[in-house]
Number of protein chains: 2
Amino acid sequence: MTESHKPGFSRCNNATLRRAARSLGRFYDDALAPSGLKGTQFGLLFQIHVSSEPAMGTIAEALIMDLSALGHTLKPLIRDGYVETFADKDDRRVKRVRLTPQGNVKLGEAIKLWSAAQQQFEDKVGAEQAAKLRAALDAVADLDLEMPAAAPSL
Amino acid sequence: MTESHKPGFSRCNNATLRRAARSLGRFYDDALAPSGLKGTQFGLLFQIHVSSEPAMGTIAEALIMDLSALGHTLKPLIRDGYVETFADKDDRRVKRVRLTPQGNVKLGEAIKLWSAAQQQFEDKVGAEQAAKLRAALDAVADLDLEMPAAAPSL
DNA sequence: CGGCAAAAGTGGCATATGCCACTAATTGAA
DNA sequence: TTCAATTAGTGGCATATGCCACTTTTGCCG
């Protein structure tokens, strides 16, 4: 094989994906820094924004993240007053989420910063390519992967 | 815009990437679970394995991760006896890393589990597509992104 | 209606990552 | 040689994510 690993050319799809995520994450984080939000928080606020007072579970599902992880990630946003939660009228187990007025303002502020980063990125890779990449990533994310074995009957 | 958000179809390249990373990460983590390693740890052990007693900084650069983050991530692996560090002979600031015999065994064990997951993934998306995706991700990771503004002269 | 299984979150614990402030070792220049 | 600037890591602090064990509500079945 010889050259099996220039800088980071791993064959592991997962490792490659994480590496790219760290790299791009830093870029977006830097761009959003002036707003005080991280890329993840921006994404979360945006998701809440485009949904209609979504339930925690709904958000978690959309973002493919663990429900408890979502709860944790939401805490600083609630603490900082950007988001608030309230119980669902019909099912008290359900907790819904919405942006506060402050949250809306902050989101608007962040969107401007995000746009610059997004634009920068698309200028570099091309809008077409970027769209294709996102499509590929969404496809991967939605793959119904599952290791065979374990779980025959039950 | 209108249909701006089916389940998770965000236009944010960063959000899309993270979402896919969470999804795929879980899959690989599940597959590696029997070894007790997480996908990240596996990737790290592998990187150390294919390098020649790399310095921390070298690893961090290859994986595009913060040096301190690498240090933190390395701790549990050192604690569990899979990795050990030692000072560079010529430059005592440099700390080099290598796998312990146990680490090698554990890596071998994990590689079997990883292979199954990797195989499963490639069967689903196709080896060709997977390779293209990795190439695209490596390209993104290595982009020299940087927000213009700030930093005129100095 | 009583009680048990399923659904939705919470909290605790552990790893993953980053940034910043600091310390130790080097290097380079006066 | 001596000291300032640079380089490589460390530690502390904060967010990002997951899993697991619980608690609270519902739903449903006998």
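When reading the values below, keep in mind they use all heavy atoms of this one structure, side chains included, and skip hydrogens, waters and symmetry mates. Not measured: the values here are computed from a predicted model. Chain letters run A, B, ... following the sequence lines, proteins first, then strands; residues in each count from 1.
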Rounded distance (nearest 0.5 Å) linking atom OG1 of A:T100 with atom CG of A:L45: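 Between A:T100 OG1 and A:L45 CG, I get 9.0 Å after rounding to 0.5 Å.
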Inter-residue atom distance A:T40.OG1 - B:R19.CZ, 0.5 Å rounding: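 Going from the OG1 atom of A:T40 to the CZ atom of B:R19 covers 14.5 Å.
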[X]: partners by salt bridge (charged side-chain N to carboxylate O under 4.0 Å, His left out), with sequence neighbours left out:
| X | result |
| --- | --- |
| A:R134 | A:E122 |
| B:D91 | B:R93 |
| A:R96 | A:D88 |

Side-chain donor-acceptor pairs under 3.5 Å in residues 70-82 of chain A, sequence neighbours left out?
from  : atom 1 : to    : atom 2 : distance (Å)
A:H72 : ND1    : A:S68 : O      : 3.2
A:T73 : OG1    : A:A69 : O      : 2.9

Please table the atom pairs, donor to acceptor, closer than 3.5 Å between any side-chain atom in residues 28-37 of chain A and protein atoms at least two apart or in another chain.
from  : atom 1 : to     : atom 2 : distance (Å)
A:Y28 : OH     : A:Q118 : OE1    : 2.6
A:Y28 : OH     : B:N13  : ND2    : 3.2
A:D29 : OD1    : A:G39  : N      : 2.7
A:S35 : OG     : A:L32  : O      : 2.7
A:S35 : OG     : A:L37  : N      : 3.1

Could you check how far [atom1] of [X] sits from [atom2] of [N], rounded to whole Å?
| X | N | atom1 | atom2 | value |
| --- | --- | --- | --- | --- |
| A:D88 | C:dG9 | CG | C1' | 13 Å |
| A:L37 | C:dG18 | CG | P | 18 Å |
| A:I78 | C:dG9 | CD1 | P | 12 Å |
| B:I64 | C:dC19 | CD1 | C1' | 18 Å |

Salt bridge (Lys or Arg N to Asp or Glu O under 4.0 Å) contacts touching residues 35-59 of chain B (sequence neighbours left out): B:E53-B:R98
Of all pairs that satisfy salt bridge (Lys or Arg N to Asp or Glu O under 4.0 Å), the ones with a partner from residues 102-116 of chain B, not counting sequence neighbours: B:K106-B:E109
Residues which pass side chain to side chain contact (heavy atoms under 4.5 Å, CB included) with A:R26, listed by chain and number, not counting sequence neighbours: B:D66
Pairing residues for B:K124 by the side chain to side chain contact (heavy atoms under 4.5 Å, CB included) criterion, not counting sequence neighbours: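 A:L143, A:D144, A:L145.
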Residues within residues 25-34 of chain B bordering DNA chain D, heavy-atom distance below 4.0 Å: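 Those residues whose heavy atoms fall under 4.0 Å from DNA chain D, taken from residues 25-34 of chain B in numerical order, are B:R26.
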Taking N or O atoms only and anything under 3.5 Å, show me the protein contacts with nucleotides 11-17 of chain D, one pair per line.
from   : atom 1 : to    : atom 2 : distance (Å)
D:dG12 : O6     : B:H72 : NE2    : 3.4
D:dT15 : OP1    : A:R79 : NH1    : 3.1
D:dT15 : OP1    : A:R79 : NH2    : 2.8
D:dA16 : O3'    : B:R18 : NH2    : 3.2
D:dT17 : OP1    : B:R18 : NE     : 3.0
D:dT17 : OP1    : B:R18 : NH2    : 2.9
D:dT17 : OP1    : B:R22 : NH1    : 3.1

What does the list of N/O pairs under 3.5 Å between the protein and nucleotides 23-26 of chain C look like, with a distance for each?
from   : atom 1 : to    : atom 2 : distance (Å)
C:dT26 : OP1    : B:R92 : N      : 3.0
C:dT26 : OP2    : B:R92 : NH2    : 3.4
C:dT26 : O4'    : B:R93 : NE     : 3.4
C:dT26 : O4'    : B:R93 : NH1    : 3.4
C:dT26 : O4'    : B:R93 : NH2    : 3.4

Which residue lies more 5' along DNA chain C, comparing A:S23 with A:V94 via nearest heavy atoms: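 Result: A:V94.
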